[in-house]
2 protein chains.
Amino acid sequence: MSDLLERLRGRGWRLTAQRRVVAEVLDGDHVHYTADEVHALAAERLPEISRATVYNTLGELVTLGEVIEVSTDGRAKRYDPNAHHAHQHLVCARCGTIRDVHPSGDLLADLPTQERYGFAISAVEVTYRGLCPNCAA
Amino acid sequence: MSDLLERLRGRGWRLTAQRRVVAEVLDGDHVHYTADEVHALAAERLPEISRATVYNTLGELVTLGEVIEVSTDGRAKRYDPNAHHAHQHLVCARCGTIRDVHPSGDLLADLPTQERYGFAISAVEVTYRGLCPNCAA
DNA sequence: TCTTGACTTAGACAATGTCCAATGTAGGAT
DNA sequence: ATCCTACATTGGACATTGTCTAAGTCAAGA
């Protein structure tokens, strides 16, 4: 993730202050912010950045495969910059916090063809749900 | 699911026309409607049913463990009445259609303790994403 | 049949996300 | 160094999904 900006420039991204700030906010391994959280953090550095730009930029990063969009609870989507390493999520049912975990084995065994019902499958997600240490108290 | 109404009555549910209609709409194995779809279908039989009642009733059914709430795309949640048989979901990335599939083995192997980060895990979800036969065309 | 607490209703409100027309600007061309 | 222009940003209106509340209604036991 640290050389994200170079990768993006290499793909012809026009590098603006807004995009740089959004990318910097997302830098880090265990970060799973909502769009509004990204907006708030970006605005600390670039006060007049608009919500629309944050949404646009996040959408572009998802399209480029640099971050993964995670919808765990029907509330705000969260954005996961750890797109280059296969991982799964631990989600708190109360506060929505997400934590990455790493595959314990190769559970991603593909579905047998007869269970695919004609779908062209491109990804598998595994989500463990429960209460985080904070909310369990 | 077919004797859902009896189970609910047995739990002290007050049986109203609205609840009956919502439960009937959800009857069926491969049904995964959004709350608005449930409302529209319920309104065909009981025209003046309100959205609030549909939301309330769906929430109660989830609390009672009779249906499962599925959030696959950050858009509307879908309600899965097939709560009594373990299963996984195949989700179309374009149209949001959901299809049930049945565990091919016991992939639900628990996470090792050192990967739980103090979470009290209560459920595991597996979602396969791709394009359904319709959208692939 | 009466009564009562649970249920339903309409609509206001909240949270999240999308879209658009007007304005600004990054970076190549000159 | 400056100019151009296609692409990016902005603010605000709008859309979708879901929640809440106060007032009216009704299921089911007495």
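Hydrogens, waters and symmetry mates play no part in the numbers below; they use all other heavy atoms, side chains included. All figures in this text were calculated on a predicted structure; none of them were measured in a lab. Residue numbers begin at 1 in each chain, while the letters A, B, ... track the order of the sequences.
Between dT8(C) and Arg19(B), a contact under 4.0 Å exists linking OP1 or OP2 to a side-chain N or O. Between Ser50(B) and the phosphate of dT8(C), there is no side-chain N or O to OP1/OP2 separation shorter than 4.0 Å.
Across all their heavy atoms, Trp13(B) and Leu61(B) have their closest contact at CH2-CD2, 4.0 Å.
Of all nucleotides listed (dC26(D), dT8(C), dC20(D)), dC26(D) comes nearest to the side chain of Arg14(B). Taking the side chain of Tyr55(B) as heavy atoms from C-beta on, and the options dT9(C), dT19(D), dG11(D), the nearest nucleotide is dT19(D). Checking dT17(D), dT9(C), dC7(C) against every side-chain atom of Thr16(B), the shortest atom distance belongs to dC7(C). Candidate nucleotides dA26(C), dA28(D), dT8(C) were compared by shortest atom distance to the side chain of Gln18(B), and dT8(C) ranks first.
Leu5(B) has its side chain within reach of Arg20(B): a pair of non-hydrogen atoms, C-beta onward, lies under 4.5 Å apart.
Between Glu48(A) and Arg51(A), the residue anchored nearer the 5' end of DNA chain D, judged by the nucleotide with its closest heavy atom, is Glu48(A). Comparing Asp36(B) and Ala17(B), the nucleotide of DNA chain D nearest to each residue sits closer to the 5' end for Asp36(B).
Note: CG (Asn56(B)) to C1' (dA6(C)) measures 12 Å, nearest angstrom. As rounded to whole Å, 16 Å separates atom P of dT16(D) from atom NE2 of His39(B). The CG atom of Leu15(B) sits 11 Å away from the C1' atom of dA28(D) (whole-angstrom rounding). Atoms CD1 (Ile49(A)) and P (dG24(C)) sit 17 Å apart, rounded to a whole Å. Rounded to an integer number of Å, the gap from CG of Leu46(B) to P of dT25(D) is 16 Å. For the pair Asp73(B) CG and dG17(C) P, the interatomic distance rounds to 11 Å; values are reported in whole Å. Summarising the geometry, the separation between CG on Leu8(B) and P on dC7(C) is reported as 12 Å, rounded to the nearest angstrom. Here dG27(C) presents its P atom at 17 Å from CZ of Arg11(A), a figure rounded to the nearest Å.
Ring to ring, His32(A) and His89(A) are close: their centroids are under 6.0 angstrom apart.
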Arg11(B) and Glu66(B): CA distance, side-chain angles, deciding distance, salt bridge (charged side-chain N to carboxylate O under 4.0 Å, His left out) verdict:
CA-CA 12 Å; Arg11(B) 299 211 206 189; Glu66(B) 295 290 344; 3.3 Å; yes
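Contact annotation: side chain of Arg75(A) to base of dG18(D), donor-acceptor pair absent below 3.5 Å.
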